[in-house]
Amino acid sequence: MFKLLKTDGHTKARLGQLRTVHGVIDTPIFMPVGTQAAVKTLDPRELRELGAQIILSNTYHLCIRPGMEVMEKMGGLHQFMSWPYPILTDSGGYQVFSLAKIRKIKPEGVSFRSHLDGTALFLGPKEAMHMQKVLGSDIAMVLDECPPHTGTQRQLHEAVERTIRWAEHCRQQPRAEGQLVFGIVQGAGRPELREQCAKALVSIGFDGYAIGGVSVGETEAEMMKAVEYTEPFLPADQARYAMGLGTPAQIVELVARGVDMFDCVLPTRIARNGAAFTRKGTVNIKAAYCKTDPGPIEEGCTCFACRNFSRAYLRHLINVEEILALRMISVHNCHMYVQLMTDIRRHIAQETFAEFRAEFARTYIPSKNLRACKVDAAE
RNA sequence: GGUAGAAUACCCAAGUGGCCAACGGGGGCAGACUGUAAAUCUGCUGGCUCACGCCUUCGAAGGUUCGAAUCCUUCUUCUACCA
């Protein structure tokens, strides 16, 4: 259950705690993504050392491999992956949208084919909740429909209607002991749909509310708008979770808009592609200028990678394709995200969050792509 | 000493008269990545403008031809075999 400890005086930022079966987590919080029962390249000890309190995993992927029979026999996800701390599982709604090409949406769920071997699968509210019960996650997500943000008004409206209906069904399903269930607000960039969806979910009543349908190809400005259209309709005494977001700068902005929970593949994915997040922006460790750079990824960082290795060494490891490079940059990036959240919480507690936000916006240089979004936002 | 073969951009390597500034790899450089089908994907990689275009390249020097990396001559270097 969520406990709101403090609300920032100048922004909508909140300080809170969410009690789950496997422990209490502090919000605002970042959840590293462990889609297939592993945060790519990192082991539980490393995750714990860098400060991760909760991780995310994915029902769709675990359903395909190893399958729920295995998960059940192995005693659930925590035991299987040796992570005795909180876990949030996504329902698989996003995967159905993002990778199942041949899919048929029906009132009772989605039939589609596995991206691996084409096996015919069916995922409905009942299946999604049952699998998450088997997994034994601390927080289960309802099955939602996440349409492309470019959808027509009618498509988006239907997706919202279906998402609400499925949410009702999910709510009625049996769940694991103490498992929290979060509803997911859809509605793309349409204020009226966001409002409709949020209100309907709140009236059903969930343990927390997620804002979905973001980071699906829209601009940063549109993404912020989607959150702004949704947040006012979410209860203040419940956790709000922005699904799949975001960059460090976006997270700071979203916290200021009242979001408590985040997950994003960027820190781990970008790490494997040779780039690191710092408080000043991303650093491409592959880049030539790191060739003889004796400094750490980020000056002053206390993560294992920065305490021990130079950029020059990490760049070398990338060049010769040593796996250690991917692990160390993943350690750093996750540490950076987790540490950012710790700082955010401290600043909210000390009433200095507004200043922190302004300073961050001033000093963090986003990538070119995101800079384009900033220009977009200014218009 | 003789015979045969080979020399292509940073490296390997295709190309054997015009469609060649030259396939494809590698390497190098740059960019992308947002509820992970991602240790992935995309672009650039002779020079100048960096658009069109122009200029200099395929061991070296000559030659044949309207036109040569491609044909001929000589030279240089390397490889294999024979002495």
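Below, chain A is the first sequence line, B the second, and so on; all start at residue 1.
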Residues within residues 157-169 of chain A bordering RNA chain B, heavy-atom distance below 4.0 Å:
none
More than 12 heavy atoms from other groups under 6.0 Å of CZ on A:R65
no
Does the side-chain hydrogen bond (donor to acceptor under 3.5 Å, both in side chains) test come out yes or no for A:S98 and A:Q95, once each step is laid out?
CA-CA 5 Å; A:S98 69; A:Q95 277 61 43; 4.8 Å; no
Check whether A:Y229 forms a cation-pi arrangement with A:R190 (NZ or CZ under 6.0 Å from the six-membered ring centre, at most 45° off the ring normal).
no
Where the side chain of A:N319 is concerned, which of B:G35, B:G28, B:G31 is the nearest nucleotide?
B:G28
So, A:F30 versus A:F262, ring centres under 6.0 angstrom or not?
no
Between B:A13 and B:G62, how far is it from one P atom to the other, in whole Å?
29 Å
Nearest to the side chain of A:H61, heavy atoms from C-beta on, is which of B:A37, B:U34, B:G35?
B:A37
Check whether more than 12 heavy atoms from other residues, nucleotides or ligands sit under 6.0 Å from atom CZ of A:R307, and answer yes or no.
yes
B:A21 to B:A68 separation - P atoms, rounded to the nearest Å:
12 Å
Taking atom C1' in both B:A39 and B:G24, what distance in whole Å separates the two?
24 Å
Tell me the interatomic distance from A:K291, atom NZ, to B:G28, atom C1', rounded to whole angstroms.
8 Å
Heavy atom of residues 25-57 of chain A under 4.0 Å from RNA chain B: which residues?
A:V33, A:T35, A:K40, A:L56
When you compare B:C20 with B:G67, how far apart are their C1' atoms, in angstrom units rounded to a whole number?
13 Å
Please give the distance between the P atoms of B:C19 and B:A61 as a whole number of Å.
23 Å
Is it the case that the ring center of A:Y60 lies less than 6.0 angstrom away from the ring center of A:F112?
yes
Below 3.5 Å between N/O atoms, which protein atoms pair up with nucleotides 40-43 of chain B? Just atom names and distances, please.
{"residue": "B:U40", "atom": "N3", "partner": "A:N273", "partner atom": "OD1", "Å": "3.2"}
{"residue": "B:U40", "atom": "O4", "partner": "A:N273", "partner atom": "OD1", "Å": "3.2"}

Does a side-chain N or O from A:N58 land closer than 4.0 Å to OP1 or OP2 of B:U36, or not?
yes
Taking the nucleotide of RNA chain B with the closest heavy atom to each, which residue, A:R315 or A:G244, is nearer the 5' end?
A:R315
Between A:I323 and A:T268, just flag the one whose closest nucleotide in RNA chain B comes earlier from the 5' side.
A:T268
I'd like the P distance from B:U65 over to B:C75, given in whole Å.
23 Å
Expressed in whole Å, how much space separates the C1' atoms belonging to B:A22 and B:C12?
16 Å
Determine the interatomic distance between C1' on B:G5 and the same-named atom on B:U49; round to the nearest Å.
43 Å
Closest to the A:L266 side chain, choosing from B:U34, B:A39, B:A37
B:U34
Decide if the gap between the ring center of A:F277 and the ring center of A:Y337 is smaller than 6.0 angstrom.
yes
Count the heavy atoms of every other residue, nucleotide or ligand shown that sit under 6.0 Å from NE2 of A:H22, and state whether that count exceeds 12.
yes
When the ring planes of A:F356 and A:F360 are compared, do they come out parallel, tilted or perpendicular, using 30° and 60° as the limits?
tilted
